[in-house]
Visitor: 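First the structure, which I've put down as C-alpha cells, then a few questions once you've had a look.
Just the heavy atoms: all of them, side chains too, but no hydrogens, waters or symmetry mates, feed the values below.
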Amino acid sequence: MIDAIALALANLTSPAVLFFALGIFAGIVRSDLTIPQAIAKGLALYLMLAIGFKGGAAVAEVGLSTDLALAALAGVVLSFSLPLVAFALLRAFTKVDRATAAASAAHYGSISVVTFVAGSEFLTLSGLVWSGHMVAVLAIMETPAILTGLWLAGRASKGPDPEARPELVREVLLNGSVVLLIGAFLIGWASGPAGMARLDLFVNGLFQGLLCLFLLDMGLVAARRLGGARKLGLSGVIFGLVMPLIGAAAALPVAWLIGMSPGDAAALMILSGSASYIAVPAAMRIALPEADPSVYLTLSLAITFPFNLTIGIPLYASVAQAVLGG
Amino acid sequence: MIDAIALALANLTSPAVLFFALGIFAGIVRSDLTIPQAIAKGLALYLMLAIGFKGGAAVAEVGLSTDLALAALAGVVLSFSLPLVAFALLRAFTKVDRATAAASAAHYGSISVVTFVAGSEFLTLSGLVWSGHMVAVLAIMETPAILTGLWLAGRASKGPDPEARPELVREVLLNGSVVLLIGAFLIGWASGPAGMARLDLFVNGLFQGLLCLFLLDMGLVAARRLGGARKLGLSGVIFGLVMPLIGAAAALPVAWLIGMSPGDAAALMILSGSASYIAVPAAMRIALPEADPSVYLTLSLAITFPFNLTIGIPLYASVAQAVLGG
Amino acid sequence: MIDAIALALANLTSPAVLFFALGIFAGIVRSDLTIPQAIAKGLALYLMLAIGFKGGAAVAEVGLSTDLALAALAGVVLSFSLPLVAFALLRAFTKVDRATAAASAAHYGSISVVTFVAGSEFLTLSGLVWSGHMVAVLAIMETPAILTGLWLAGRASKGPDPEARPELVREVLLNGSVVLLIGAFLIGWASGPAGMARLDLFVNGLFQGLLCLFLLDMGLVAARRLGGARKLGLSGVIFGLVMPLIGAAAALPVAWLIGMSPGDAAALMILSGSASYIAVPAAMRIALPEADPSVYLTLSLAITFPFNLTIGIPLYASVAQAVLGG
Amino acid sequence: MTRPIRKKVIAVVETAHLRRLIDLIKSCGVSGLTVIDGREGSGVTGDWVRDGVSEAVEMKIVHAVMTAETAERVFDKAAVFFERYPGIIYSHDVEVVRGERF
Amino acid sequence: MTRPIRKKVIAVVETAHLRRLIDLIKSCGVSGLTVIDGREGSGVTGDWVRDGVSEAVEMKIVHAVMTAETAERVFDKAAVFFERYPGIIYSHDVEVVRGERF
Amino acid sequence: MTRPIRKKVIAVVETAHLRRLIDLIKSCGVSGLTVIDGREGSGVTGDWVRDGVSEAVEMKIVHAVMTAETAERVFDKAAVFFERYPGIIYSHDVEVVRGERF
Ligand SMILES: Nc1ncnc2c1ncn2[C@@H]1O[C@H](COP(=O)(O)O)[C@@H](O)[C@H]1O
Ligand SMILES: Nc1ncnc2c1ncn2[C@@H]1O[C@H](COP(=O)(O)O)[C@@H](O)[C@H]1O
Ligand SMILES: Nc1ncnc2c1ncn2[C@@H]1O[C@H](COP(=O)(O)O)[C@@H](O)[C@H]1O
Ligand code: NA
Ligand code: NA
Ligand code: NA
C-alpha cells in the first residue's frame, strides 16, 4: 500500500506528467503557447515507431510464445465487448443520443497509444517487466471496438452511411497508427538486436524527452477540450472517470485466466482502461457523422486521458502487482 | 587578453556560429534554402524546454539561495530601465517616430532566448560556471521592458489601444515563451537529478545539434531582414551595435553590487545586452500597431543578434572574467 | 560471391530498408499514414546537414589530398556525360518527347542525397571505408547534369525559357541542398574533431533513426508515384532499372583510373547510379515546364530509388570490392 | 475586354470526407481543383482547430472553377452530401483566361 | 435554378489581432467562419513571410459567409478596426446551398 | 451603402514560378498581395500533393485585390505566362473598404 502511494507520487512528479500538467495550465490560462500541428503529428509518429520497434526487438530477443496468441485474443475480446458496457452506461446515465453514445462507446473499447506509451515507461521504471508482444496487442485492440460501435449505432434510425463504406473499411483495417505500429513491430522483430543496436539512441535515448514534448501538446489539447465538459454534464464526466476503471477491472480476470505476468496484466489493464483519440474518432467521423465529436473527444482527451495518466496507470500497476504478483 | 582573443576565435569557429553564418550567406545570395516554419518553431520550443529544464535541474542540485532573489531583482531593474536609455538614444540620433522608438526600446530591455542559449553554451565550454537560476532570471526579464515601452509610447498622441488590453495583458504575463521557460524550469527543479537522468540525452546530448539547425534558420531570417537596414540608416545600425554594449555594461556594476560570480555576471551581461525577437514583437504588434515592425525586427534580428552571437558573447565573458574573476 | 549475397541480405533486412518497404506497403494499400510535409523537409535538411558535417569532419581528421580534386573531376565528368547516354536510350527505346527525355536524362547525371546517405551507411556497416571528401563530390555532382539536360532540350523546338534564366542560374548554383551540403561540409572541416565531439550524438547517434523515418516517407511518396509507371510503359520501367546500372558501371573504370580505394569507388558508383529527386526536378520545372514531371519523378522516385536502395547499393559495393579490393 | 465567365465552387469539408467530396466533384466533369488546409473555424456543428492530435474534425477547403452547368450538377450532388456531413458549399461567377480549359 | 444569395466577407489580418477580429465578426451574428494560414504577402505596411521565428507579423485569412445585413454590420465595425491595424477586408456575393444556415 | 468595387485576381501557380508571377503582378502596380499554400490539386497537367520530398510541383495560390485597369494589365501579361506554365488565373468583383488603398 505504501509502495503504491510512493509509486503514484513518483508518477505525478515525473517530467512527462508534469509537462502534461504544464500544457493543461497553459491552455486554461489561455497562454499563446502552441505546438505546430506538424510537430505534434511528427511526435505521434515517432512514439508509435519507437514503441512498435522496441516491442518487436524485445520479441526478437525472447522469442515468441503462445502467450502472444492468448494476449491478442484477450485484447480482441475486451475491445469487442467493452463498448457494450460503455454504451449501456451512457444511455442509462447521460443524455447523449444513440449515435453519440455508440461512437463514444467505441472509443472505450479501443486504446490510446500515448497512454500505453506513458504506462509502459511507468512499468519499466517501477520494475514491472512487460513483454514486447503487448505492443502487438496494442495494435490489435485499436479497431475491433469500431465494429461494435457501428453495430450499436446501426440499430438507430440512421445507421452508418453505406457510401462511406470503402473509406471506413480502409480506416478500420489500414489506419495509419495500426500500420505504423504493426509495421515497426515487425521491423523491430526482423532486424533484432543488431537493428536495435543501431536505433538504440533514437528509440530509447530520446523517448522520454519527446514524450514530454508530446504530452505538453496533449495538455494544451486537453485543456482546449475542457470546455466541452460542461456540455457533458456531471454524469458524463463521471462516466469518463469510471469507465476506465471498469475497462481496467475487466482486464484483470482475463489476464489472470490466461496466466499473464503482473507486468503484462498491468499493460493489458492500461490498454483496456484507455480510450482512443486517433483511430476511432477518424472512423466515427466517416461512419457516424451525426454523432457529436465534441462529446467523444472531450471524454477521451479531456477526462479519461488525464485520469489515466495521473491516477489510472499507477493504480492499475499496483492492483496487478498486488493480485498477480509474487 | 590573449585568452580573450583565443576565446573569441573559438566562438567564431564553433559549429553553431558557423551555421548561423551559413544561413546569412544562403539568405544573402538568395538560395532557396528554407527551414519549414513548423520546424523552426519546434526547434525554438525545444531550446526553451531544454534550457529551462537544465536550469531547474541545476537548482535542484545546488539548492536555492538568496542569490536568485537578488539576480531576479537585478534583472527586473535592468529590464525596466534599459528601454529608457534606448528610447533616448533612438530619439536623439535616429529619425524613427515616437511609437517605433518606444517599441524598439522595449526590445532592448527584454532578452533573446537564443542569445542566452548560445551564450550559456559558450560559458560552459570556456569553463565559466553559471547558476541554473539564471534561467529564471531570463524568463523574468522577458516582460518588464514591455511596460516601459508602452509607458514611453503612451505619452505619444496615440497610445496603446485600450480595446486590445485583455490580449496584451495575456501576452505580457502568459506569452508562450515565458510559460514554457518557467514551466520547464519548475519541472526540472521538481523532478531533480532523477528527472535529469531520464532526459539527459534529450536536453544535453542533442542541444548543440539542434541549436545549429536553429541558428541556420536564424541566419536565413536575419539575412532576409538585412534589407531593412537601409531604412534604418547609418545611425540606426550604429544604435543596434552600441545598444547591446550599453546593456551589457549596465549589467556589470549591478552584478558586482550583488556579488555575482563571474559566470553569472557574464550571463546577466548577455541577457542585458540581448534584444527580444519573440515576446516583445508580439506584444508590440498588439499594443502599438503604429510602430513599424520592420524597424525593430531589423534591429533585433539582423543587427544586434548577429553582433552578440559573434562578438558580444565572448566580449562580455572576457570582461566579466577580467573584472570579477579571481 | 557468398559474401555479396550475405551483404545484400543484410541490407534488405536493415531497419532503414524495411521502413522504406513499410512506406511502400502503406502507400499501395492506401493507408492514411502520412508524414507532415514540414517533418519530411526537416528530415531531409537533417540528413544533408549531418552527412555534410560528417564528411567535413572526416576530412579535417585525415587532411586533404589531391584525391579530392581527382574525385571531384571524375564526378563532374560523370554528371556532365551520363545524361547523354540516358537521353539516347530514352529517345531510342521509349516514347517520351524530347523535352521530357532531356529533363529525365538530367536526373540521371545528378545524384540522390538519400541514396548516398543510405549507401554510405551500408558501406560503413560492411567495413568498406570511404573518404569524407566524397560528400563534397556528392554536392559537386548535383548540378552539372542540369546543364547537359538543358543543352539537350535546347535543340528541341522550344528551348529553356530565357525569362526564367535568373531563377534558373540561382537554382543551379545555389539550390538549398547544394548550399547546405557544401556549407555543412566546410563547417565540419573548420570545426574539426572538437566540433564533432559536440555534435556527435546529433549527427551520428540519431542518424539511423531519422533515416528510417525519412525512408518511411520516401516509401509513401514512391508508392504514390507508382501509378505513373503505367504511363512510362515497360520500356520506361526497364530504363529506370538499367540506367542506374549503366551509371554505376561507368563510374567503375573512372574510379580505377584515378586510383580510388574500393570504398570510394563504391561511393562514386552509388552517386553515379543514383538519380536526383530534389535539385533537378526544381530546375527542370523552371527551365523546361513542357517536360512532363510525372515521367521523371516516377522514374527517379518510384523505380530507380527503390532499385538502388535494395539491390543497387550492395551490388555496387560488391563489384567495387571484387574489382578494386585487395 | 470581356472574358469568359465560369463558376467557382468553394466547399469547406471535414478531412475525413475530403476524398469523397473530391470524387463527387470530379464525377461531375471538372477539369481541375485545388485543396487548401484550414487552420480553424466554427459552424453550426461546433468549433475546430488544426492541432495534429485529433485530425478527425479538421477542415479542408476545396476550390474548383467550372462551367455553370457543371456547377449545377455539383450543387445537386453536394446538397445531398452536406445534408449529412458538416461543411458548406457555395459558388460565384469568375472571369477566366483560357476559357476552353474549364 | 436560382439559389439564395449571401455575402462572403474576406479579411487578411495579423495573427496578433486575429482573435479580436473573430470576436468582432461573431458579434455581428454570423453562423460560422473559416480561417486559413497565409504564407507570404505584401501591402502598404510592408512585406511579411511565415518563418516561425517572428510570428508577430504573419497574416491569417478569415472567410465568412453571411447575409447582406450582417455583412453591413461587419463592414462598419471592421472599417474602424482596420484603420488602426494592418490588413484588408472585402466582400462579394455568393450563391449558397441550404440558405437558412447563414 | 454602396462601396467601391475592385477586382480580386486569383492565380494558382507552381512554387517554382511563384517569384516570377509575383514580380509580374507587382509590375502592373498592385498595392498588395497575399500568397497561401496549396495542399493538393489536379489539373490538365496532372495531380500534385504537398509532400516535402519533391517540392517542384507544389502549387501556391496568389490573391490580389486591385482596380479593374490593373487587373486588365495583369490578365494580359498572365495570359502569356500561363501559356507556358501550369496553373490558372481568374478574377471577380469585390466590394472593398478604404477603396483608396487599392
Ligand atoms: N458561414 C460560414 N462561413 C465560413 N465558413 C463556414 C461557415 N459556416 C461553416 N463554415 C465552415 O465549415 C465548417 C463546418 O460547418 P458546420 O457544418 O456549420 O459546422 C465550420 O467549422 C467552418 O470552418
Ligand atoms: N491589394 C491586396 N490584395 C491582397 N492582399 C493584400 C492587399 N493589400 C494587402 N494585402 C494583405 O494584407 C496584408 C496587410 O496589408 P497592409 O495593411 O496593406 O500592409 C498584406 O501583407 C497582404 O498580405
Ligand atoms: N478548374 C480548376 N479549378 C481549380 N483549380 C484548378 C483548376 N484547374 C487547375 N487548377 C489548379 O491549378 C493546378 C495546375 O493546373 P493545370 O495547369 O491545369 O495542370 C492544378 O493542379 C490545380 O491545383
Ligand atoms: Na480501452
Ligand atoms: Na536586453
Ligand atoms: Na547519377
Side-chain angles (χ1 to χ4, degrees), chain D residues 1-40 50 52 55 58-68 70-71 74 90-102, chain F residues 5-15 21 24-25 34-52 57-63 65-66 68-95:
Chain D
M1 181 180 152
T2 60
R3 298 181 194 275
I5 303 294
R6 296 287 179 273
K7 287 269 178 215
K8 177 177 184 180
V9 173
I10 297 132
V12 180
V13 63
E14 274 188 340
T15 307
H17 307 117
L18 175 65
R19 287 265 85 73
R20 283 183 63 203
L21 185 69
I22 289 180
D23 290 350
L24 181 160
I25 295 177
K26 284 192 175 165
S27 74
C28 299
V30 303
S31 62
L33 55 79
T34 306
V35 180
I36 61 178
D37 288 319
R39 151 64 55 189
E40 62 174 298
R50 204 178 159 203
E55 288 180 301
E58 278 176 36
M59 301 273 164
K60 296 268 188 284
I61 298 110
V62 182
H63 293 173
V65 178
M66 59 192 77
T67 61
T70 311
V74 169
Y90 55 89
S91 77
H92 60 90
D93 286 346
V94 295
E95 280 174 65
V96 302
V97 178
R98 297 193 290 168
E100 70 290 352
R101 292 193 37 150
F102 300 98
Chain F
I5 303 294
R6 295 289 180 271
K7 287 269 177 216
K8 177 177 185 180
V9 173
I10 297 132
V12 180
V13 62
E14 273 189 340
T15 306
L21 184 68
L24 181 159
I25 294 176
T34 306
V35 180
I36 61 178
D37 288 320
R39 151 64 56 188
E40 62 173 297
S42 61
V44 295
T45 62
D47 296 358
W48 60 274
V49 58
R50 207 177 157 203
D51 63 22
V57 290
E58 277 176 36
M59 302 274 163
K60 296 271 188 282
I61 298 109
V62 182
H63 293 174
V65 178
M66 59 191 77
E69 303 84 67
T70 311
E72 234 10 82
R73 280 198 297 278
V74 169
F75 262 36
D76 286 346
K77 288 199 188 180
V80 180
F81 185 90
F82 282 110
E83 246 162 50
R84 185 128 200 223
Y85 300 112
I88 59 173
I89 189 162
Y90 55 89
S91 77
H92 60 91
D93 286 346
V94 295
E95 279 174 65

Visitor: Checking heavy atoms, do the side chain of F/Ile89, its backbone, both or neither come under 4.5 Å from chain D?
Guide: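 For F/Ile89, the contact with chain D is made by backbone and side chain together.
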Visitor: Flag the pair F/Glu40 and D/Arg19 as a salt bridge only when some basic side-chain nitrogen lies within less than 4.0 angstrom of an acidic carboxylate oxygen.
Guide: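 Yes.
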Visitor: Given that the side chain runs from C-beta out, which part of D/Ile25 has a heavy atom under 4.5 Å from chain F: side chain, backbone, both or neither?
Guide: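 No part of D/Ile25 comes within 4.5 Å of chain F.
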Visitor: Out of F/His92, F/Arg50, F/Met59, return the one with the most heavy atom pairs under 4.5 angstrom to chain D.
Guide: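 Answer, by heavy-atom pair count under 4.5 Å with chain D: F/His92.
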Visitor: With a 4.5 angstrom heavy-atom cut-off, which part of D/Ile5 approaches chain F: side chain, backbone, both or neither?
Guide: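 The answer is neither part of D/Ile5.
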Visitor: Any idea which heavy atoms bring F/Phe75 and D/Arg3 closest together, and the distance?
Guide: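 The answer is CD2-NE, 2.9 Å.
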Visitor: What verdict does the side chain to side chain contact (heavy atoms under 4.5 Å, CB included) test give for D/Glu95 and F/Lys7, after you've listed the backbone C-alpha separation in whole Å, the side-chain angles of each residue and the deciding distance to 0.1 Å?
Guide: CA-CA 10 Å; D/Glu95 280 174 65; F/Lys7 287 269 177 216; 2.6 Å; yes
Visitor: Go through the atoms of F/Val44 and report whether side chain, backbone, both or neither lie under 4.5 Å from a heavy atom of chain D.
Guide: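 F/Val44 touches chain D through backbone and side-chain heavy atoms alike.
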Visitor: Side-chain contact, heavy-atom cut-off 4.5 Å: F/Ile36 with D/Ile36?
Guide: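 Result yes, sub-4.5 Å side-chain heavy-atom pair found.
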Visitor: If you round to the nearest 0.5 Å, how far is OG of F/Ser42 from NZ of D/Lys26?
Guide: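 These two atoms lie 3.5 Å from each other.
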Visitor: Quick test of your reading of the model: are D/Arg39 and F/Asp37 salt-bridged, counting only N-O distances below 4.0 Å?
Guide: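 Salt bridge: no.
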Visitor: Within this structure, what is the CZ-CD1 distance for the pair D/Arg6 and F/Ile88, rounded to the nearest 0.5 Å?
Guide: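 Atom-to-atom, D/Arg6:CZ and F/Ile88:CD1 are 12.0 Å apart.
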Visitor: Would you check if F/Tyr90 and D/Val65 make a side-chain contact, meaning some heavy-atom pair closer than 4.5 Å?
Guide: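 Yes - at least one pair of side-chain heavy atoms lies under 4.5 Å apart.
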Visitor: At a 4.5 Å cut-off on heavy atoms, which part of F/Lys8 comes close to chain D: side chain, backbone, both, or neither?
Guide: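 Neither the backbone nor the side chain of F/Lys8 comes within 4.5 Å of chain D.
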Visitor: Can you find a heavy atom in the side chain of F/Ile61 that is under 4.5 Å from one in the side chain of D/Thr34?
Guide: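 SC-SC contact between F/Ile61 and D/Thr34 confirmed.
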